[in-house]
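Atoms considered below: every heavy atom in the structure, side chains included; atoms not considered: hydrogens, waters and symmetry mates.
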Amino acid sequence: MGTWRSLRVAFILGSLFMLLLIIAYWDDIGGFNLYPFQDLKHDSLHSDCGSQRLSSDAALSASTIGARSGPSVSLPITSRIPLSPEDTAQTHPEEEQKKPPWENARKERSRVLAGDGDQDVRKQMIADVCSGKNNVEFPGRTRVIEQIPYRELDHLIVDDTHQIIYCYVPKVACTNWKKVLVVLSQALISPSSGKPYIDPEAVPAELGKFFFHLIRFWHHYGSLSRYLMALKLQRYTKFLFVRDPFVRLISAFRNKFGRPNEDFYKQFGSVMLRRFGNVSGSLPETAAEAFAAGIKPTFKQFIAYLLDPETEKDGIFNEHWRQVYRLCHPCQVKYDFIGHLETLEEDTDRLLKILKVDHLLHFPSGAHNLTSTSWERDWFAQIPIATRKELYKLYEPDFEMFGYAKPDGLLQQELD
């Protein structure tokens, strides 16, 4: 009897301890936390969301970032490579005239998705792909949220105050969304006013890039993390923004390999050049030296790198070209709002109202171009059709899941 009584007492005390622990932790999650990244050596590898161009890709020290009081300077880029939509606000009527019919069909589909019932359509598209109805297979389609490793959930940003979960996708306006969350959090102080930022436009892009630290339940709450994460995913408003998968690739390549970027050159560019560049001898030590010598990865080599089975043996795809279904897990996370970069203005206006924060702020203005698919002809002209088809299969889940029409013209005909 003594042993049984001791077990009962231990059980009761343990239960009370767990209850107190939950209460203590629950009080702690009421705020939105921002922390500096722990390692700034590789900060140019951190996500570049494509909504703002920084004056430099070089790493900034914490003191330099803290001293900035205004928005980042946007510098023109003198490159003959066609620019991606976020790099220019100019329209090109001549591009519209020479666009083939298949591109017009894709644009028309985007217009359909921008209608009043678009969210139901977008959610149903995801449901159809995840259920296997579209016969599109991909790793992780049928697993449940509990089977996803913690490290694969690191793109979920949580604002507990406003009960928001945002999955950020690099090269899809995520810098501006991070600025919005910085303002909502009221956690960062403007050096000029001494008060929290109230205008997303005033938040330096560097703060979103270097100082925006995700709340990682598993690091902060230990064994309680799964329970708390399940509660948040059930109760909070969850959203993400996507864009045409091929255009996103073009944007990522131009931004990371179209100009000197030391970290991306050393970690990825040098690998592409060694494998596919037929480079004899040793490569230049730095990106600046390589570019000065005319040695830099081509878009064709970039695509070959993505399709090479050896690439992911060395490590998971970098977030700038990792598929959205692998970043945000839409088959496991039931998103309440799916925004498209092609309808950014309409979607952000609607979402801010849904989040009930439209009276607190406005979404930062950013350059974007609704005729973005026209760039694909220029970029893919030197890519063999067979390679284009392989690339499409690699990103097919994103095309199907988020309502982007199959680019039949790219996959079936030579481009001039």
Practice item. Please step through side chain to side chain contact (heavy atoms under 4.5 Å, CB included) for the pair R143 and H329, ending with a clear verdict. Key: CA-CA 10 Å; R143 66 179 174 178; H329 311 285; 3.6 Å; yes
[X] vs [Y] side-chain heavy atoms within contact, under 4.5 Å:
| X | Y | answer |
| --- | --- | --- |
| L361 | V180 | yes |
| R254 | W379 | yes |
| I295 | L273 | yes |
| E137 | P397 | no |
| V136 | M401 | no |
| I157 | Y168 | yes |
| P260 | Y265 | no |
| D349 | L351 | no |

Separation between [atom1] of [X] and [atom2] of [Y], rounded to the nearest 0.5 Å:
| X | Y | atom1 | atom2 | result |
| --- | --- | --- | --- | --- |
| S185 | D160 | OG | CG | 11.5 Å |
| F239 | Y166 | CZ | OH | 6.0 Å |
| F380 | I303 | CZ | CD1 | 5.0 Å |
| T161 | L184 | OG1 | CG | 9.0 Å |
| I164 | K232 | CD1 | NZ | 12.5 Å |
| Q332 | I145 | CD | CD1 | 6.0 Å |

Exercise for review: For Y335 and V333, run side chain to side chain contact (heavy atoms under 4.5 Å, CB included): C-alpha distance rounded to whole Å, both residues' side-chain angles, the deciding distance at 0.1 Å, then the answer.
Suggested key: CA-CA 6 Å; Y335 287 95; V333 178; 3.7 Å; yes
Exercise for review: Step through it carefully: locate the ring centre of F246, locate the ring centre of Y404, and say whether they are under 6.0 Å apart.
Suggested key: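 No, ring centres 6.0 Å or more apart.
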Check your understanding: Aromatic ring centroids of Y305 and F276 under 6.0 Å?
Key -> no
Quick one: sort the [X] and [Y] rings into parallel, tilted or perpendicular, breaks at 30° and 60°.
| X | Y | answer |
| --- | --- | --- |
| F264 | F257 | perpendicular |
| F302 | W321 | perpendicular |
| F241 | W177 | tilted |

Point to revise | Check against side chain to side chain contact (heavy atoms under 4.5 Å, CB included), L240 and H155 | key: CA-CA 10 Å; L240 78 163; H155 278 63; over 6 Å; no
Sidechain N-carboxylate O distance under 4.0 Å for [X], [Y]:
| X | Y | value |
| --- | --- | --- |
| D308 | R274 | no |
| R350 | D118 | yes |
| E262 | K256 | no |
| D358 | K353 | no |
| R322 | E319 | no |
| K393 | E396 | yes |

Please report the shortest heavy-atom distance between [X] and [Y], naming the atom on each side.
| X | Y | value |
| --- | --- | --- |
| P297 | G269 | CG-CA, 3.7 Å |
| P364 | P200 | CG-CB, 3.4 Å |
| Y197 | P204 | OH-CD, 3.4 Å |
| R388 | L411 | O-CD2, 3.6 Å |
| F291 | K296 | CE2-CD, 3.5 Å |
| A173 | L341 | CB-CD1, 4.0 Å |

Is it true that a side-chain atom of [X] and a backbone atom of [Y] form a donor plus acceptor pair closer than 3.5 Å?
| X | Y | result |
| --- | --- | --- |
| K171 | L249 | no |
| D398 | V324 | yes |
| S270 | K266 | yes |
| Q301 | T298 | yes |
| T286 | E289 | yes |
| K300 | I383 | no |
| E312 | P309 | no |
| E390 | L307 | no |

**Study point:** Evaluation steps, salt bridge (Lys or Arg N to Asp or Glu O under 4.0 Å), between R235 and D336
**Key:** CA-CA 11 Å; R235 298 178 181 179; D336 302 288; over 6 Å; no
Does any donor atom in the side chain of [X] or [Y] lie under 3.5 Å from an acceptor atom in the other side chain?
| X | Y | answer |
| --- | --- | --- |
| D120 | Q124 | no |
| E201 | S365 | yes |
| S131 | R141 | no |

Point to revise | From CA spacing to verdict: side chain to side chain contact (heavy atoms under 4.5 Å, CB included), L391, L306 | key: CA-CA 8 Å; L391 186 68; L306 296 178; 4.2 Å; yes
Does atom [atom1] of [X] have more than 12 heavy-atom neighbours from other groups under 6.0 Å away?
| X | atom1 | result |
| --- | --- | --- |
| D314 | CG | yes |
| Q163 | CD | yes |
| I198 | CD1 | no |

Review point. Cation over ring, R122 on F402, under 6.0 Å and within 45°?
Key: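 Because its charged atom misses either the 6.0 Å distance or the 45° angle limit, R122 does not stack over F402.
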